[in-house]
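Working notes, beginning with the structure itself.
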Protein chains: 2
Amino acid sequence: MKIIEGGVTAAQGFEAAGIEAAIKYQNRKDMAMVYSRTPCRAAGVFTSNVVKAAPVLWDKEIVENASSVQAVIVNSGIANACTGRQGYDCCRQTAEKTAQLMGISPDAVLVASTGVIGNQIPVEKLLAGVEKLAAARAATKEAGTQAAEAIMTTDTVSKQAAVQVELGGRTVTVGGMCKGSGMIHPNMCTMLAFVTTDAAISKELLQEALREDVEDTFNMVSVDGDTSTNDTLVVLANGLAGNPEITCKNEDYDKFRKALNYINTTLAKKMAGDGEGATALFEAKVIHAATRAEARILSKSVIGSSLCKAAIFGHDANFGRFLCALGYSGVQFDPEKIELYFQNAEKSILIYRDGSAVEYSEEEAAQVLASPEVTVLVDMHMGDAEATAWGCDLSYEYVKINADYRS
Amino acid sequence: MKIIEGGVTAAQGFEAAGIEAAIKYQNRKDMAMVYSRTPCRAAGVFTSNVVKAAPVLWDKEIVENASSVQAVIVNSGIANACTGRQGYDCCRQTAEKTAQLMGISPDAVLVASTGVIGNQIPVEKLLAGVEKLAAARAATKEAGTQAAEAIMTTDTVSKQAAVQVELGGRTVTVGGMCKGSGMIHPNMCTMLAFVTTDAAISKELLQEALREDVEDTFNMVSVDGDTSTNDTLVVLANGLAGNPEITCKNEDYDKFRKALNYINTTLAKKMAGDGEGATALFEAKVIHAATRAEARILSKSVIGSSLCKAAIFGHDANFGRFLCALGYSGVQFDPEKIELYFQNAEKSILIYRDGSAVEYSEEEAAQVLASPEVTVLVDMHMGDAEATAWGCDLSYEYVKINADYRS
């Protein structure tokens, strides 16, 4: 597996664009397009929220029923959620306009939106944006970066990743971009993520690979415990790499899964580390749990705790809060048997064992917690399962962003 | 029902004290005692957290098995949680010291602690504190207030309530105090709350009344989603009012339930409104839900959302966040059918109906959201059940308190 530069345009046959459409934001890119020169198989996972944004309803229908997908149109600024029939019409018009310009069918066009909930998108601006996107699209790395920038809302950096694997003697590329900063606590997947690949793979296996992988990647991220109305993760595979089509779970499937996992993990961690107002990536790793499901619940409970997050922000080795978050997760365990460590890239400090704190240096612990990437490692001593979850600290800035977000 | 002044000393035969013991805090009261001149029946509900503080283990044993209780000793500053055998020994020594001074049995003494998790309590200071408490105790309103002050941690105000009802021609008083500011998201009950009454009632019915009432009161409060290791709610009934003992669910039981409900509701709302860093009491009322359980889940999901809480802090009518929180609660509903209102004491503004926003005045909505008590009313149009949950807004101050709490 070879890590390369780039994002959604890294794989063969994919083009992208990012332009200014002034949907809500002024003087910044706010619309993106991803386009494949040939029809793609598509797989997707979407928010589990009962309140689903119009684009989610549109995309679910297409991913489940349409034979192929060729374009994705994304806007930032307005989420097109809680917008009723008018919001859904907006999706249809966007797809029709794109289809007409590109000479494809409207049900080969996915749409996605992110931003404030409850406002209607000005359709004329959106359709004008589609025209600009169609004209601007290119297969270059720069075009991919522009698309990644255009889907940002309160994100502070754009998020991309790309990787290559050899399948049946051919080089297959998987690349992706995502955005997500607040309202991130996916039960199904995450905010917006788009992955493209030139792998040849059946639609069924593409969907299965995505569904499995999401459990250990995007679904293990939480910024603030809020599962959005718009969460969308879509993978498009156009087969241009020319590898023997993956139609069963053979060695090639495993290699493809690893490449997809690398992209999803990388994007998920980038998202967690860029959580609204975050000063640190906060990782919770649970080992020796009884089952994988329990390991996931435990690690997510820790990264989801406001008090743990605030302790990381304050570089405060207040380990009791971490035990407390494990304790209310719903998983049964004996607090006397577990061990808790604070870790950064260089050090691992044992803090708690046999039911109470060990002798540790507060100074050293505070130093570790001041790192840009902090890990809390919990050894449950119950079995062989493990899981890792990613979040960020809770800062003044988070409150500021979310108290003022709409204005 | 007559609302009166006072707290744990309002009912006949109860004494209290609040003194300085320098357990962790300096120059402020940090130990409290509640004492009944005659033996009490005791009922209690405790944290559902797997990681239970030593005092919770001690008290559960006594409430479940001992025939009567006569004293409660509370300290603030250190929670005595994650402290292993040494922590439990500390509880035993406290009870033994109290028992010896008051001439009662150690298993008639409950203990409770609140504060930082993971540190050991300096036992000598605690025992010296017990001596001071025993000497200082009095049946006055002032003594009750001093006890309420002594159990505070990051609370900004002390919290008490008292009420009287007529049962069988005798005046029965129910009074209580509580503390709780952060780490409040009870699954079982709340931080620390102590209710005293001179009612004569069987232990079984006292426990049943408490267990039922807690579901609609303390369990409907959330400050930050963290269920503490120390949550404790205890009711002591000494029977001195001389009412015919309540031994079945008759009219007197209903009246007693109402009095208990008033005390618990009042204390719970005071706790929510004094959440760490709070500038407003944030109430979520769900009406016409299909079942009471669903109404509770929906209303708790709204008050638990960081994004909803930040919107209240910012006085921002960002109604989509409220719909989003309803949507990920786990309850199934049709977003097109519900209605959402913002309310304060004077006004009720319809914001959302038929799947999208109605025409409303942003200015008026912002004005309502700037009130010290804000209600979000959701009409589900599904059935007859309702529930109310209480929380508070999310402010810079919350982060500040919790990033610095230990230092």
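By convention in this document, chain letters (A, B, ...) are assigned in the order of the sequence lines, proteins followed by strands, and residues within each chain are numbered from 1.
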Phe333(A) vs Val50(B), side-chain contact (heavy atoms from CB on, under 4.5 Å): CA-CA, chis, key distance, verdict: CA-CA 7 Å; Phe333(A) 63 89; Val50(B) 172; 4.2 Å; yes
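- The parts of Gln332(B) that come within reach of chain A are both its backbone and its side chain, each placing non-hydrogen atoms under 4.5 angstrom from that chain.
- Ranked by heavy-atom pairs under 4.5 Å with chain B, the first of Leu394(A), Asp393(A), Ile351(A), Leu326(A) is Leu394(A).
- Only one option out of Thr47(B), Asn230(B), Val51(B), Ile117(B) pairs with Cys324(A) in a side-chain contact (heavy atoms from CB on, under 4.5 Å); it is Ile117(B).
- In this structure, the separation between CG on Asn318(A) and CG on Asn119(B) is 8.5 Å, given to the nearest 0.5 Å.
- Atom CD of Glu336(A) has more than 12 heavy atoms from other residues, nucleotides or ligands within 6.0 Å.
- Ranked by heavy-atom pairs shorter than 4.5 Å toward chain A, the options Gly118(B), Ala53(B), Cys82(B) are led by Cys82(B).
- Once rounded to the nearest 0.5 Å, the distance linking CD of Gln120(A) with OG of Ser356(B) reads 6.0 Å.
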